[in-house]
Amino acid sequence: MESRSAERLETDARLLPTSGAASTVRRVNGVRLHTVEAGAEDAPLVVLLHGFPEFWYSWRQQIDPLVEAGYRVLVPDQRGYNLSDKPTGVRSYRLRDCSRDIAALIASAGYEQAHVVGHDWGGMVAWDLARRQPSTVDRLGIINAPHPDVYRRHLLSNPAQLRRSWYVFCFQLPWLPERLCRMRDFRLLERALSETAAPETFLDDELARYREAWHKAGALTGMLNWYRAAARYPPTLSRERVEAPTMIVWGEDDTALTTELAVDSDQCCATSRLELLPETSHWVQHERPEQLSELLLEWLSATN
């Protein structure tokens, strides 16, 4: 039987009481996205995109440094997550639709383009946005997320990556992944964070916020449908390089993604910088928050 405190925990911008951040809901591309916003409305825009199984809270340690450096920051819960809409059906989670959400989010804030930074699935969305709607992306930041084409090629040709992707195939099953993830108050998802990161990366109070987000009605199926949609509706392969200047930051101790993915993804960019971080897991923004913020600020202010 699941055990859960009767107290409801906030999962909106109230988690950042001293930052000046606020929660808004923006209707974009047919869905409502809960978005944490901070910074001056006329400042250059940075959009931060989380991955699985997180929510906007993934980026909490990068928001203040970016705002203090003079940027406006939007951090949405992507569709299917936390306080954003959770449309039904696997098809609703095609990568092209998720990247259209972000293009529409940028436009809804009154901007023609933004710096876009993504981790994990958020990085996949950022790659797809830069490829499909290049005019919306000024500079691109990718954190432990392979270019979609590179990932597909490696699944077919790299046995090491295929072994690491076992969970992707398990998530294709109906209803059973939801049931397993929900058992013992989301113990499996909690372990997916804490046991693949450096010790004490995810503290108990932080994991409690994640469990609250996973408890939202429809969230678990929405989150898993990203994987199901990727298998059923894979993005079209493209030989075109990403034109937006791109920085790839990669924790080399990632248990789910090989470093070869980062190297090959770098080759998909017209202008790029590759930063490989030793003794760092998949969860770069949690384990190396100050270093990542410094890298992002340096990259976003660059002129080439």
Side-chain angles (χ1 to χ4, degrees), residues 49-54 58 80 90 93-95 98 118-128 142-184 186-199 201-202 207 210 214 220-221 223-238 248-268 274-288:
L49 302 175
H50 69 84
F52 178 92
E54 302 195 84
S58 165
V90 171
Y93 295 87
R94 294 178 302 174
L95 188 57
C98 297
H119 171 252
D120 188 79
W121 268 113
M124 299 282 269
V125 171
W127 281 120
D128 193 70
I142 301 294
I143 320 299
N144 279 71
H147 188 287
D149 295 351
V150 170
Y151 185 63
R152 287 177 64 187
R153 290 200 300 267
H154 275 247
L155 282 179
L156 296 173
S157 63
N158 185 340
Q161 184 55 56
L162 184 62
R163 287 193 298 271
R164 295 190 188 199
S165 300
W166 63 269
Y167 63 95
V168 175
F169 301 100
C170 292
F171 286 169
Q172 303 306 315
L173 297 171
W175 68 263
L176 183 59
E178 281 90 335
R179 183 171 182 179
L180 293 175
C181 288
R182 192 174 289 112
M183 289 176 61
R184 298 179 60 194
F186 296 93
R187 177 59 178 160
L188 188 63
L189 290 181
E190 182 180 317
R191 290 175 60 187
L193 295 173
S194 60
E195 294 188 5
T196 61
T201 296
F202 293 95
L207 290 171
Y210 283 105
W214 300 332
L220 191 52
T221 294
M223 292 159 55
L224 293 169
N225 275 347
W226 283 64
Y227 290 92
R228 293 164 177 153
R232 299 182 196 180
Y233 310 103
T236 303
L237 292 173
S238 172
I248 301 172
V249 181
W250 202 275
E252 293 186 293
D253 289 348
D254 193 323
T255 60
L257 301 169
T258 66
T259 301
E260 288 83 359
L261 289 169
V263 175
D264 286 357
S265 295
D266 185 58
Q267 301 304 308
C268 295
L274 177 59
E275 292 283 343
L276 300 179
L277 305 184
E279 300 181 356
T280 307
S281 79
H282 181 75
W283 313 104
V284 175
Q285 64 268 50
H286 301 279
E287 292 184 21
R288 302 284 185 265

J.: How far apart are the C-alpha atoms of Phe169 and Leu162, what are their side-chain angles, what is the distance that settles it, and do they pass the side chain to side chain contact (heavy atoms under 4.5 Å, CB included) test?
T.: CA-CA 10 Å; Phe169 301 100; Leu162 184 62; 3.7 Å; yes
J.: I want to check something: taking the side chain as every heavy atom from C-beta on, are Leu207 and Phe186 in contact at a cut-off of under 4.5 Å?
T.: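 Heavy-atom side-chain distance check fails, nothing below 4.5 Å.
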J.: Locate the shortest heavy-atom distance separating Val284 from Thr280; write the atom from each residue and the value.
T.: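 For Val284 and Thr280, the tightest heavy-atom pair comes out as CG2-CG2, 4.0 Å.
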J.: Between Arg164 and Thr258, does the side chain to side chain contact (heavy atoms under 4.5 Å, CB included) criterion hold? Intermediate values first, please.
T.: CA-CA 8 Å; Arg164 295 190 188 199; Thr258 66; 3.7 Å; yes
J.: Scan side-chain atoms only and decide if Tyr227 and Gln172 contain a donor-acceptor pair under the 3.5 Å cut-off.
T.: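 Checked: Tyr227/Gln172 side chains show no N/O donor-acceptor pair below 3.5 Å.
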J.: Does some side-chain heavy atom of Ser58 sit less than 4.5 Å from a side-chain heavy atom of His286?
T.: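 SC-SC contact between His286 and Ser58 confirmed.
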J.: With sequence neighbours left out, write down each residue that passes ring-ring contact (aromatic ring centres under 6.0 Å, His included) with His154, or none if nothing qualifies.
T.: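 None.
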J.: Which atom pair, heavy atoms only, marks the closest approach of Leu49 to Ala126?
T.: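 For Leu49 and Ala126, the tightest heavy-atom pair comes out as CD1-N, 4.3 Å.
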J.: Closest heavy-atom contact between Tyr167 and Ala256?
T.: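 Here Tyr167 and Ala256 meet closest at OH-CB, 3.7 Å.
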J.: Contact between Phe171 and Met223 at the side-chain level, heavy atoms closer than 4.5 Å - yes or no?
T.: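 SC-SC contact between Phe171 and Met223 ruled out.
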J.: Taking all atoms of both residues into account, what is the closest heavy-atom pair of Pro177 and Cys170, and its distance?
T.: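 Where Pro177 meets Cys170 most closely, the heavy atoms are CG-O, 3.4 Å.
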J.: I'd like to check the salt bridge (charged side-chain N to carboxylate O under 4.0 Å, His left out) partners of Arg228; sequence neighbours left out, ordered by chain and number.
T.: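 With neighbours one apart ignored, the set is Glu178.
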J.: Distance check, rounded to the nearest 0.5 Å: Asn225 atom CG versus Leu220 atom CG?
T.: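 Going from CG on Asn225 over to CG on Leu220, the span is 9.5 Å.
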J.: Rounded to the nearest 0.5 Å, how far apart are CG of Leu180 and CZ of Arg187?
T.: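 Reported value, rounded in 0.5 Å steps: 14.5 Å.
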J.: Once salt bridge (charged side-chain N to carboxylate O under 4.0 Å, His left out) is applied, do any residues pair with Glu252, and if so which ones, sequence neighbours excluded?
T.: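 Glu252 satisfies salt bridge (charged side-chain N to carboxylate O under 4.0 Å, His left out) with no other residue.
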J.: Is there side-chain contact between Ser265 and Ile142, with at least one heavy-atom pair below 4.5 Å?
T.: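 In short, these two side chains do not touch, never coming nearer than 4.5 Å.
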J.: Contact between Glu287 and Glu279 at the side-chain level, heavy atoms closer than 4.5 Å - yes or no?
T.: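 They are not in contact (no side-chain heavy atoms under 4.5 Å apart), so the answer is no.
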J.: Under 3.5 Å, is there a donor-acceptor pair between the Ser194 and Glu190 side chains?
T.: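 No, because no side-chain N or O of Ser194 sits under 3.5 Å from a partner of the opposite role on Glu190.
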J.: Answer yes or no: is there a side-chain heavy-atom contact under 4.5 Å between His50 and Asp120?
T.: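 Result no, sub-4.5 Å side-chain heavy-atom pair not found.
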J.: Can you name the salt bridge (charged side-chain N to carboxylate O under 4.0 Å, His left out) partners of Arg191, sequence neighbours left out?
T.: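 Residues passing salt bridge (charged side-chain N to carboxylate O under 4.0 Å, His left out) with Arg191: Glu195.
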J.: Report yes if some heavy atom in the side chain of Pro53 is under 4.5 Å from a heavy atom in the side chain of Tyr210; otherwise report no.
T.: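 Not touching, per the 4.5 Å side-chain cut-off.
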J.: Residues in salt bridge (charged side-chain N to carboxylate O under 4.0 Å, His left out) with Asp254, at least two apart?
T.: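 Applying salt bridge (charged side-chain N to carboxylate O under 4.0 Å, His left out) to Asp254 gives none.
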J.: Ring-plane angle category for Phe202 and Trp283, please: parallel below 30°, perpendicular beyond 60°, tilted otherwise.
T.: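 Answer is perpendicular, since the angle exceeds 60°.
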J.: To the nearest 0.5 Å, what is the distance between CG (Asn158) and OG (Ser165)?
T.: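 If we round to the nearest 0.5 Å, Asn158:CG and Ser165:OG are 9.0 Å apart.
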J.: Kindly give the heavy-atom pair with the smallest separation between Pro278 and Leu276, and that separation in Å.
T.: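 The answer is CD-O, 3.4 Å.
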J.: Show the numbers, then the answer: is there a side chain to side chain contact (heavy atoms under 4.5 Å, CB included) between Asp149 and Trp127?
T.: CA-CA 10 Å; Asp149 295 351; Trp127 281 120; over 6 Å; no
J.: Under the side chain to side chain contact (heavy atoms under 4.5 Å, CB included) criterion, do Asp266 and Trp250 qualify, and how do the steps go?
T.: CA-CA 11 Å; Asp266 185 58; Trp250 202 275; over 6 Å; no
J.: Only pairs under 3.5 Å count here: list side-chain donor-acceptor contacts from residues 230-237, not counting sequence neighbours, and write none if there are none.
T.:
none

J.: Flag the pair Glu260 / Gln161 as yes when at least one side-chain heavy-atom distance between them is below 4.5 Å, and no otherwise.
T.: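 Of all side-chain heavy-atom pairs linking Gln161 with Glu260, none is under 4.5 Å.
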J.: If you look at every heavy atom in Cys181 and Leu189, which pair is closest and at what distance?
T.: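 In terms of heavy atoms, the two residues are closest at SG-CD2, 4.0 Å.
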J.: What's the spacing between Trp226 CH2 and Arg94 CZ if we round to 0.5 Å?
T.: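 The CZ atom of Arg94 is 13.0 Å from CH2 of Trp226, to the nearest 0.5 Å.
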